[in-house]
Amino acid sequence: MTTKTKQKINEIAGKIKTMEIRGALDIAIAAASAMKEVALESPDSELISNLNSAGDKLKSARPTAVSLPNAVNYIIHLAKINKNNKIKLSSEIEKFIKNQENSLKKIAEFGSSMIENNDTILTHCNSDTVVEILKKAHDCGKKINVVCTETRPRKQGYITANALSKHGIPTTLIIDSAVHLIMKKLKVDKVIVGADTVCSDGDVINKIGTSQIALCAKEMNIQFIVATQSIKFSTESVSGTIVKIEERDTSEIAGADELPGVKIMNPAFDITDSGYVDVIVTEFGVIPPQAAYGLLKEKFGWKLNRDES
Ligand code: RI2
């Protein structure tokens, strides 16, 4: 790998780590684009080893969103079957990236059709996928109100609230701990959240706080919807591998001298049991969480049937 490409990989991995590039889909697309550069500049004899080392660097940037290793592993798979044809390899990688972008539009179609006129919808963190659904529902003429959680400690809820408000959608921002109260007070009809990883048993890993919201929704009989591309389905979970929950730096919560002697924990994600998820909206349609394994088998057959990682 040339020094320039190495630097580029380090730069993208660094931006994913610091969350300058964030959101489970965006990190997958950024990694795939970086891998394409590596593929195009590598001599045939070094193609796979260069992609493996770039892929390892990118995958280590954030451990929880499985879209990242799935994208990297798929590019390596494509390189193995097109190793003597760079033009074909390049166009296959482009196709993969385009498919991810198109999947967002399909999910917006499926998801927005589930929204009814005058619905009040609560969302958590910032998911581009959820934002697309809500914008689409609004563009179709449905009157909706959206409640966004602040999403401590990084406050990604601000990004969601800004995007929706700029799009003309009535939006309310609340602190994370107000969810239970506001669900009752504003008569929330649906919760729609994104995902970082979907396990083969239908459990959903998403931004910390999601599982508490799911508990509240269950208690109040509010529909809990997850919107996600299939790239976030975890093939490893089929063989029982547990997804690692990212622990981020405690400085995101409090300064080193603020609470002397106090241990601070900063897990970035949590697991919502499939029993709390009503449906998962994917680019292939709306499925119950119990259908996650079937989708994995059908769409990731290349990964599950052969050892290509
Ligand atoms: P899209 C985000 O993770 C949130 O957990 C969000 O729900 C998820 O990625 C999916 O986002 P982070 O990068 O792919 O903020 O739908 O830690 O944009």
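Each ligand, and each atom within it, is numbered from 1 in the order the structure gives. Residue numbers count from 1 along this sequence.
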Q.
Could you check whether E41 and T5, counting side-chain N and O atoms only, form a donor-acceptor pair closer than 3.5 Å?
A.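 Short answer, yes.
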Q.
Between S67 and Q229, is there a side-chain donor-acceptor contact under 3.5 Å, judged purely by atom types and distance?
A.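 No donor-acceptor contact under 3.5 Å links the two side chains.
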Hey, does [X] come in under 3.5 Å of ligand 1, counting only N/O atoms on both sides?
X    : answer
L25  : yes
Q156 : yes
K207 : yes
D26  : no

Mark up the atoms of ligand 1 that fall under 4.0 Å of a heavy atom belonging to [X], in ascending order.
X    : value
R62  : 12 (P), 13 (O), 17 (O)
F269 : 3 (O), 5 (O), 17 (O)
C125 : 4 (C), 15 (O)
N206 : 4 (C), 5 (O), 6 (C), 7 (O), 8 (C)
M19  : 15 (O), 17 (O)

Q.
Could you tell me if K218 sits above the aromatic ring of F224, with its cationic atom closer than 6.0 Å to the ring centre and no more than 45 degrees from the axis?
A.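 No, cation not above the ring by the 6.0 Å, 45° rule.
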Q: Answer yes or no on whether K299 is positioned over the face of F233, meaning its NZ or CZ is under 6.0 Å from the six-membered ring centre and within 45° of the axis.
A: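 Pair K299/F233 does not count as cation-pi.
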Q.
Would you say that D128 contacts D26 through its side chain, given a criterion of any heavy-atom pair below 4.5 Å between the two side chains?
A.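 Touching, per the 4.5 Å side-chain cut-off.
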**Q.** Sub-4.5 Å side-chain heavy-atom contact between H124 and V191
**A.**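 The answer is no, as the side chains (C-beta and beyond) never meet within the 4.5 Å cut-off.
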Sub-4.0 Å heavy-atom approach of [X] to ligand 1:
X    : answer
E246 : no
T228 : no
V193 : no

Q: Could you tell me whether R154 approaches ligand 1 through its side chain, its backbone, both or neither, with non-hydrogen atoms closer than 4.0 Å?
A: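 Looking at R154 and ligand 1, no heavy atom falls under 4.0 Å.
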Q | Residue portion contacting ligand 1 (non-hydrogen atoms closer than 4.0 Å) for K232 | A |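 Side chain only; the backbone of K232 stays clear of ligand 1.
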Q: For atom 8 (C) of ligand 1, state which one of L104, D196, V204 supplies the nearest heavy atom.
A: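 It is D196 whose heavy atom sits nearest to atom 8 (C) of ligand 1.
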Identify the closest protein heavy atom to [atom]: which residue and atom is it, and at what distance?
atom                    : value
atom 11 (O) of ligand 1 : A24 N, 3.5 Å
atom 18 (O) of ligand 1 : D128 N, 2.8 Å
atom 10 (C) of ligand 1 : A195 O, 3.3 Å

Q) Is it true that a side-chain atom of T129 and a backbone atom of A227 form a donor plus acceptor pair closer than 3.5 Å? A)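 Judged by distance alone, no pair lies under 3.5 Å.
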Q: List the steps and the verdict of side chain to side chain donor-acceptor pair (under 3.5 Å) for D278 and Q223.
A: CA-CA 6 Å; D278 287 300; Q223 199 177 19; 5.3 Å; no
Q.
So which atom in M1 and which in S53 form the shortest heavy-atom distance, rounded to 0.1 Å?
A.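 For M1 versus S53, the nearest heavy atoms are CE-OG, 3.3 Å.
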Q: Considering only NZ, NE, NH1 and NH2 on the basic side and carboxylate oxygens on the acidic side, decide whether E116 and K142 come within less than 4.0 Å.
A: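 No, this pair does not count.
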Q | Centroid-centroid distance, F96 to Y74, less than 6.0 Å | A |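 Yes, the ring centres sit under 6.0 Å apart.
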